Amino acid sequence: MVVLTALTALTACAGPYQYYEGTGIHDTTAAEVAGGWDNLGGTRVVLRKDGTALLEKLDGQDFDFEDGWRLSGTGTWQLTDDDGGQAIRLALTARTRVENRSTATATDTSSPEPPSTYAWSFYVDRDQHDELKLFFFYGDPDIGNTYVMTRETGS
């Protein structure tokens, strides 16, 4: 009975993100991923064919999302592939601007200083129409919220 109680306590906080093994997508090419990507609220990421990237108003992933900052700048990206599927590794190397999602966050003096460099890991997936989408998890991993980037219109 003690073992069962201990296992229950250990797994009670294990949300979907903690056990997420990837999308299983292995057929995407870097050329297919290159281009513009959007999210609500003015977020935009441009993945250039040469491996450089332009980021505008990109929120932090995982618990960093709760800090409320949105980073803009330039960086690099690469398409990776492991057993669980493909991912985009995006690195902000030169921050040009920091914004906040809300005025409440902007006036909160307890918020940590936004990072000058940052790295994201976007899972590569396809929707029901076989169109690419990129996403990462944000906030509390027990909830499993996804931050989804879709192909920029005209891209």
Side-chain angles (χ1 to χ4, degrees), residues 15-18 20-155:
Y17 166 66
Q18 292 171 327
Y20 192 74
E21 295 182 12
T23 61
I25 301 290
H26 295 281
D27 63 348
T28 306
T29 65
E32 189 178 10
V33 172
W37 297 87
D38 291 327
N39 181 284
L40 300 175
T43 299
R44 181 170 180 255
V45 174
V46 177
L47 304 175
R48 297 183 181 123
K49 291 180 182 179
D50 66 359
T52 60
L54 173 66
L55 298 74
E56 296 176 7
K57 302 179 185 179
L58 188 55
D59 295 283
Q61 96 180 62
D62 300 325
F63 281 112
D64 291 338
F65 182 85
E66 305 300 330
D67 294 336
W69 46 257
R70 308 181 86 202
L71 302 176
S72 297
T74 58
T76 61
W77 71 276
Q78 66 179 9
L79 177 65
T80 64
D81 196 346
D82 63 24
D83 291 341
Q86 292 175 300
I88 299 295
R89 308 288 185 223
L90 177 62
L92 174 73
T93 56
R95 185 181 79 186
T96 58
R97 188 172 68 239
V98 176
E99 296 181 28
N100 289 295
R101 277 194 308 280
S102 71
T103 55
T105 304
T107 60
D108 183 0
T109 57
S110 66
S111 292
E113 178 68 25
S116 58
T117 62
Y118 194 79
W120 292 263
S121 183
F122 286 89
Y123 292 101
V124 177
D125 202 3
R126 294 189 184 275
D127 66 15
Q128 65 272 20
H129 305 290
D130 206 35
E131 297 293 326
L132 281 180
K133 64 180 181 177
L134 308 176
F135 72 94
F136 62 76
F137 290 97
Y138 70 91
D140 186 337
D142 289 335
I143 297 171
N145 291 322
T146 55
Y147 191 97
V148 179
M149 302 290 294
T150 56
R151 181 64 72 182
E152 187 176 67
T153 305
S155 205

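Because the structure is a prediction, the values reported are computed rather than measured.
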> Taking all atoms of both residues into account, what is the closest heavy-atom pair of D140 and D142, and its distance?
OD1-N, 2.8 Å
> Just by modelled atom types, is the R48 backbone N or O under 3.5 Å from a matching donor or acceptor in the W77 side chain?
yes
> Got a donor-acceptor contact below 3.5 angstrom from the T23 side chain to the V124 backbone?
yes
> Please report the interatomic distance CG(D27) to CD(Q86), rounded to the nearest 0.5 Å.
6.5 Å
> What is the minimum heavy-atom distance between P114 and V98, and which atoms define it?
CG-CG1, 3.6 Å
> If we only count heavy atoms from C-beta on, is the I25 to D125 side-chain gap below 4.5 Å?
yes
> With a 3.5 Å distance limit and no angle check, can you tell me whether T43 reaches the backbone of K57 through a side-chain donor-acceptor pair?
yes
> Report yes if some heavy atom in the side chain of T52 is under 4.5 Å from a heavy atom in the side chain of T74; otherwise report no.
no
> Between R101 and D59 (side chain of the first, backbone of the second, donor and acceptor by atom type, cut-off under 3.5 Å), is there such a pair?
no
> How long is the span from the CG atom in D62 to the CG atom in N145, to the nearest 0.5 Å?
11.5 Å
> Please find the pair of heavy atoms, one from F122 and one from L90, that lie closest to each other, and give the distance.
CE1-CD2, 3.7 Å
> What orientation do Y147 and F136 show, parallel under 30°, tilted 30 to 60°, or perpendicular over 60°?
parallel
> Applying side-chain contact (heavy atoms from CB on, under 4.5 Å), run through T28 and V33 and close with a yes or a no.
CA-CA 7 Å; T28 306; V33 172; 3.3 Å; yes
> Can you check whether T150's main-chain N or O pairs, donor with acceptor, with D38's side chain at less than 3.5 Å?
no
> Judged by atom type as modelled, is there a donor-acceptor pair below 3.5 Å linking the side chain of E152 to the main-chain atoms of R44?
no
> So which atom in H26 and which in D82 form the shortest heavy-atom distance, rounded to 0.1 Å?
CE1-O, 3.0 Å
> Kindly say whether G42 contributes a backbone atom to a donor-acceptor pair with the side chain of R70 at under 3.5 angstrom?
no
> If you count every heavy atom of other residues, nucleotides or ligands that lies below 6.0 Å from D83 atom CG, does the total exceed 12?
no
> Heavy atoms only: give me the nearest V148-N39 pair and the separation to one decimal.
O-ND2, 2.6 Å
> Is there a side-chain contact between T146 and F137 (heavy atoms, below 4.5 Å)?
yes
> Can you confirm whether L79 sits close enough to L47 that some side-chain heavy atom of one is under 4.5 Å from a side-chain heavy atom of the other?
no
> Is the closest side-chain heavy-atom distance between Y118 and D64 below 4.5 Å?
yes
> Taking atom OH of Y123 and atom NZ of K133, what is their separation to the nearest 0.5 Å?
13.5 Å
> From L58 CG over to E99 CD, what is the distance, rounded to the nearest 0.5 angstrom?
12.0 Å
> Between L71 and W120, is a side-chain contact (heavy atoms from CB on, under 4.5 Å) present by the stated rule, with each step listed?
CA-CA 12 Å; L71 302 176; W120 292 263; 4.2 Å; yes
> Taking all atoms of both residues into account, what is the closest heavy-atom pair of S72 and E56, and its distance?
OG-CA, 3.4 Å
> Check the pair T80, Q78 against side-chain contact (heavy atoms from CB on, under 4.5 Å), reporting the backbone distance first and the verdict last.
CA-CA 6 Å; T80 64; Q78 66 179 9; 3.8 Å; yes
> Please check this pair: side chain of D67 against backbone of W69, looking for a donor-acceptor N/O pair closer than 3.5 Å.
no
